[in-house]
Amino acid sequence: MPFESLYPRVTATRRMQSMNGSWDFQFDPESKGVAEGWTKGLPNPTDMPVPASFADVFTDKYSREYTGDFWYVTTLFVPGEWKDGSVDIRFDSATHAATVYVNGTEVAHHEGGFLPFVAHINDAVKWNDYNIVAVKLNNELSWQTLPVGETYRLPDGTLVSAPYFDFYNYSGLQRNVNLLYTPNERIEDLDVVHHIDGSDAHVDYTVATSGDHDVEVVVLDEDGVEVALANGKQGTLDIKDVHLWNLRAAYLYKFVVRIKDGDTVIDEYFDEIGIRTVEVKDCKILVNGREVYLKGFGRHEDSNVHGRGFDAVMNKRDYEDMKWIGANSFRTSHYPYAEEQLYEADRDGFFVIDEAPTVGMFKSTMNFLGASGAVGNDKPKTFFEEESVQTETLAIHRRTLEEMVARDKRHASVCAWSLLNEPDTTNEAAVPYFESIFDLVAEIDTQKRPKTYASIMMSPAGVDKTHHVADFLMLNRYHGWYVNGGYAISKGTIEMKAELEKWHELEPTKPIMFSEYGADTMAGIHKLPSVMWSEEYQVEVMKMWAEIFDSYDWIVGEQPWNLNDFQTTEGIMRVDGNKKGLFTRDRQPKMAAFFLKDRWTAIPDYK
Ligand code: GCB
């Protein structure tokens with residue numbers, strides 16, 4: 001399991017061949033592909049680019065909305081000289097479940113659409129020859145998938161997904177796919193824990209390998225100068241006059257790990273690592289012992305036509321927009337983002353709240369945007385009261401968190417974990433579930449980052465039963481939009497302040513930040529005086545919140561919803577998508593972005 005958590009790299013001992021490009025693609029609505037031999041080739045394929053979501057490349061509605069099994073197939077040449085090592089295909093993600101076949105033999109199965117896995121293929125390949133790689137995916141949602149939803153059938157038998165969340169249920173091979181060659185005796189994991197000691201740092205490290213040879217770890221600074229060296233699978237690296245990683249002032253060291261036999265290098269791996277500490281204390285979030293104020297966004301991996309397909313150009317633009325506006329942070333709402341995003345956040349010094357794909361755990365939000373109301377709400381219990389949630393879903397949630405922490409734990413930018421978005425915390429049944437997942441992350445994250453969840457408005461202070469597990473509180477609140485909208489906005493301020501004061505009374509030492517607030521805004525609609533949906537109104541909503549945030553010194557951050565407009569399930573509450581972006585879907589600022597730029601550039605990253 002740990003091996004797939006290492007971001008793939010070419011080094012002195014490792015090779016990599018991209019499998020991105022055009023694959024054969026076909027829907028399998030009757031799930032007959034395996035029986036009919038599709039593992040060796042599709043009977044009637046169309047071509048499909050990888051990485052991409054399949055939905056928006058089609059012009060017909062059946063294809064866009066397709067729910068069920070679907071296949072990707074490609075031909076892969078495997079170099080013969082790689083026979084002496086381990087050959088694996090790494091899928092950076094396959095949404096939501098995938099089974100991989102090589103020349104008809106099953107080589108891997110993975111559930112969860114936002115984290116990587118590898119298929120070990122040595123025993124199934126023809127060396128120095130062409131091989132058929134087939135992937136059967138499935139994008140159905142249930143109470144045992146993360147994210148959570150339902151799948152139902154129309155009268156004609158067509159499957160439909162009913163997400164319990166508003167972002168579009170994009171799926172497919174949405175991130176990079178690579179063929180990897182690594183030596184049989186290889187580095188499988190690297191873990192680092194930083195300690196700051198005056199102007200120096202001590203980094204405790206642990207390396208996991210698949211063999212017995214010894215390990216050396218070398219640390220190079222940004223000029224390539226060696227600043228520390230240690231031997232052994234476990235030890236401490238001492239770095240004198242350390243350059244710390246700070247918000248919007250990043251510094252990254254290169255950690256090179258080698259398995260050695262005398263002078264022979266058996267395996268080599270490296271990672272770019274920022275040295276910093278994070279902790280929560282006395283109503284503050286501290287990075288390197290200094291109090292931070294978080295300015296940033298909830299985001300989505302979403303763009304026109306590509307859907308949730310990895311898009312380096314859009315990502316770059318998002319970071320440039322965030323820098324322009326004065327942001328220093330974001331939350332990976334509502335799933336772990338592509339690793340390239342975290343490397344960019346490492347380089348640019350963004351504080352990332354890394355969120356698990358755990359959204360939709362609130363029954364009254366069931367398909368709340370669906371126009372048809374096709375899903376019946378016939379389940380009398382709250383989400384966490386369901387037995388299958390306490391057993392199966394909990395097990396899947398725990399495994400997903402293990403995969404997420406394993407993948408993301410070395411990133412300096414990853415400063416906190418969000419274990420759920422808007423769960424139903426109104427009932428005591430949520431408590432053991434929450435304790436189980438929060439204890440797990442406390443145990444497996446050796447850096448002991450702060451942990452939290454995004455609280456839903458229907459579970460306010462006094463109702464929420466689970467806040468004791470969170471190290472800091474993160475609130476999603478929609479005064480000025482879903483409640484107290486338009487002319488009633490001033491009432492929203494009063495109600496929000498009353499709730500905040502109650503939270504502070506309940507948790508007097510925990511910092512509070514806002515992880516969502518905002519107003520749907522159609523770019524280009526101007527109204528004097530304002531009305532809801534106009535750009536003027538979005539500015540007023542941002543001003544209302546700013547006044548609330550500035551009233552309490554235990555509020556440590558503001559992340560409006562969303563950086564950009566994004567695609568949603570169709571329905572009566574959305575006009576071609578969620579329009580709460582401060583930027584449009586093509587990444588241009590709305591009026592309120594200029595207000596936030598003025599505000600945020602005047603607020604320092606560190607208090
Ligand atoms: C929320 C959800 C987010 C939605 C947002 C909205 O509370 O966390 O996924 O997009 O509200 O705009 O309704």
Side-chain angles (χ1 to χ4, degrees), residues 113-114 141 146-149 161-170 296-303 307-308 330-337 353-371 383 418-426 452-460 463-464 470 473-485 492 496 499 513-523 532-533 537-538 541-542 545 558-585 590 592:
F114 301 94
L141 299 171
L146 300 183
V148 178
S161 61
Y164 292 5
F165 47 88
D166 76 336
F167 54 94
Y168 194 80
N169 185 32
Y170 283 119
F297 297 94
R299 296 176 58 201
H300 266 301
E301 292 187 307
D302 169 277
S303 68
R308 211 163 315 293
F330 63 88
R331 175 171 62 119
T332 72
S333 41
H334 297 308
Y335 37 82
Y337 291 176
I353 301 169
D354 198 359
E355 186 160 279
T358 326
V359 52
M361 291 186 162
F362 201 121
K363 279 174 45 178
S364 67
T365 61
M366 285 169 68
N367 197 23
F368 76 117
L369 304 169
F383 188 80
S418 167
L419 273 45
L420 317 94
N421 181 67
E422 301 198 337
D424 188 341
T425 57
T426 58
T452 188
Y453 60 92
S455 146
I456 192 168
M457 197 155 176
M458 286 87 98
S459 189
V463 175
D464 173 279
L473 305 180
M474 225 167 48
L475 306 181
N476 294 357
R477 294 293 183 270
Y478 282 98
H479 294 283
W481 189 251
Y482 294 123
V483 292
N484 301 318
M496 189 66 245
E499 192 200 339
M513 66 168 284
F514 278 80
S515 41
E516 284 186 29
Y517 58 95
D520 278 277
T521 304
M522 294 296 292
M532 294 172 80
W533 295 92
Y537 185 69
Q538 192 180 30
V541 168
M542 291 297 134
W545 284 104
E558 47 190 90
Q559 294 189 337
W561 191 249
N562 185 286
L563 175 62
N564 303 307
D565 292 345
F566 60 90
Q567 193 54 258
T568 60
T569 309
E570 63 185 328
I572 50 171
M573 285 172 67
R574 303 287 189 251
V575 186
D576 185 29
N578 188 310
K579 296 288 194 278
K580 296 192 186 70
L582 273 299
F583 294 80
T584 58
R585 203 179 187 207
K590 300 180 191 171

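All heavy atoms count here, side chains included; hydrogens, waters and symmetry mates do not. Each ligand, and each atom within it, is numbered from 1 in the order the structure gives.
Contacts between Glu516 and ligand 1 below 4.0 angstrom, taking non-hydrogen atoms only, involve the side chain exclusively. Contacts between Val359 and ligand 1, counted as non-hydrogen atom pairs separated by less than 4.0 Å, are absent for every part of the residue. For Ile456, no heavy-atom contact with ligand 1 is shorter than 4.0 Å. Contacts between Phe167 and ligand 1 below 4.0 angstrom, taking non-hydrogen atoms only, are absent altogether. Contacts with ligand 1 closer than 4.0 Å are made by no heavy atom of Met458, backbone or side chain. Of all the heavy atoms of Tyr478, the ones lying under 4.0 Å from any atom of ligand 1 belong exclusively to the side chain. By the criterion of a heavy-atom distance under 4.0 Å, neither the backbone nor the side chain of Trp481 is placed next to ligand 1.
Between Phe167 and Tyr335, a ring centre-to-centre spacing shorter than 6.0 Å is recorded.
For the ring pair (Phe, Tyr, Trp, His ring centres under 6.0 Å) test with Tyr517, the passing option among Trp545, Tyr482, Trp481 is Trp545; the others fail. Residue His334 forms a ring pair (Phe, Tyr, Trp, His ring centres under 6.0 Å) with just one option from Tyr164, Trp561, Tyr453, and that option is Trp561.
The contact set between ligand 1 and Asn476, taken as ligand atoms under 4.0 Å from a residue heavy atom, comprises 8 (O). Near Phe566, meaning under 4.0 Å from any of its heavy atoms, are these atoms of ligand 1: 10 (O). Within ligand 1, the atoms closer than 4.0 Å to a non-hydrogen atom of Asp166 are 4 (C), 9 (O), 10 (O), numbered from 1 in the order shown. Near Asn421, with a cut-off below 4.0 Å to any heavy atom, the atoms of ligand 1 are 8 (O). Shown in contact with Tyr482 at under 4.0 Å from a heavy atom are these atoms of ligand 1, numbered in order with element: 6 (C), 12 (O), 13 (O). Those atoms of ligand 1 that come under 4.0 Å of a heavy atom in Lys580, given as number and element, are 6 (C), 12 (O), 13 (O). Near Asn578, meaning under 4.0 Å from any of its heavy atoms, are these atoms of ligand 1: 6 (C), 10 (O), 12 (O). Atoms of ligand 1 lying under 4.0 Å from any heavy atom of Arg574, numbered from 1 in the order shown and given with element: 6 (C), 12 (O), 13 (O).
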Before you tell me yes or no, could you show the steps for Asn484 and Met496 under side-chain contact (heavy atoms from CB on, under 4.5 Å), namely the whole-Å CA-CA distance, both residues' side-chain angles and the distance that decides it to 0.1 Å?
CA-CA 10 Å; Asn484 301 318; Met496 189 66 245; over 6 Å; no
Would Glu422 and Glu516 count as a side-chain contact (heavy atoms from CB on, under 4.5 Å) if you check the C-alpha gap in whole Å, the side-chain angles of each, and the deciding distance to 0.1 Å?
CA-CA 11 Å; Glu422 301 198 337; Glu516 284 186 29; 4.2 Å; yes
Asn578 vs Gln567, test: side-chain hydrogen bond (donor to acceptor under 3.5 Å, both in side chains). Steps then yes/no.
CA-CA 6 Å; Asn578 188 310; Gln567 193 54 258; over 6 Å; no
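Contact between Trp561 and ligand 1 is present, with at least one heavy atom of the residue lying under 4.0 Å from the ligand.
The heavy-atom pair separating Thr569 from Pro163 by the smallest distance is OG1-CG, 3.7 Å.
If you check the side chains of Arg477 and Ser455, you find a donor sitting under 3.5 Å from an acceptor. With hydrogens and angles left out, the side-chain atoms of Asp520 and Gln538 include no donor and acceptor closer than 3.5 Å. In summary, the side chains of Thr584 and Asp565 do not present any donor paired with an acceptor at a separation below 3.5 Å, with no hydrogens or angles considered.
By the 3.5 Å distance cut-off applied to N or O atoms, His300 is not counted among the residues near ligand 1.
The distance from the CG atom of Asp354 to the OH atom of Tyr337 is 10.0 Å, given to the nearest 0.5 Å.
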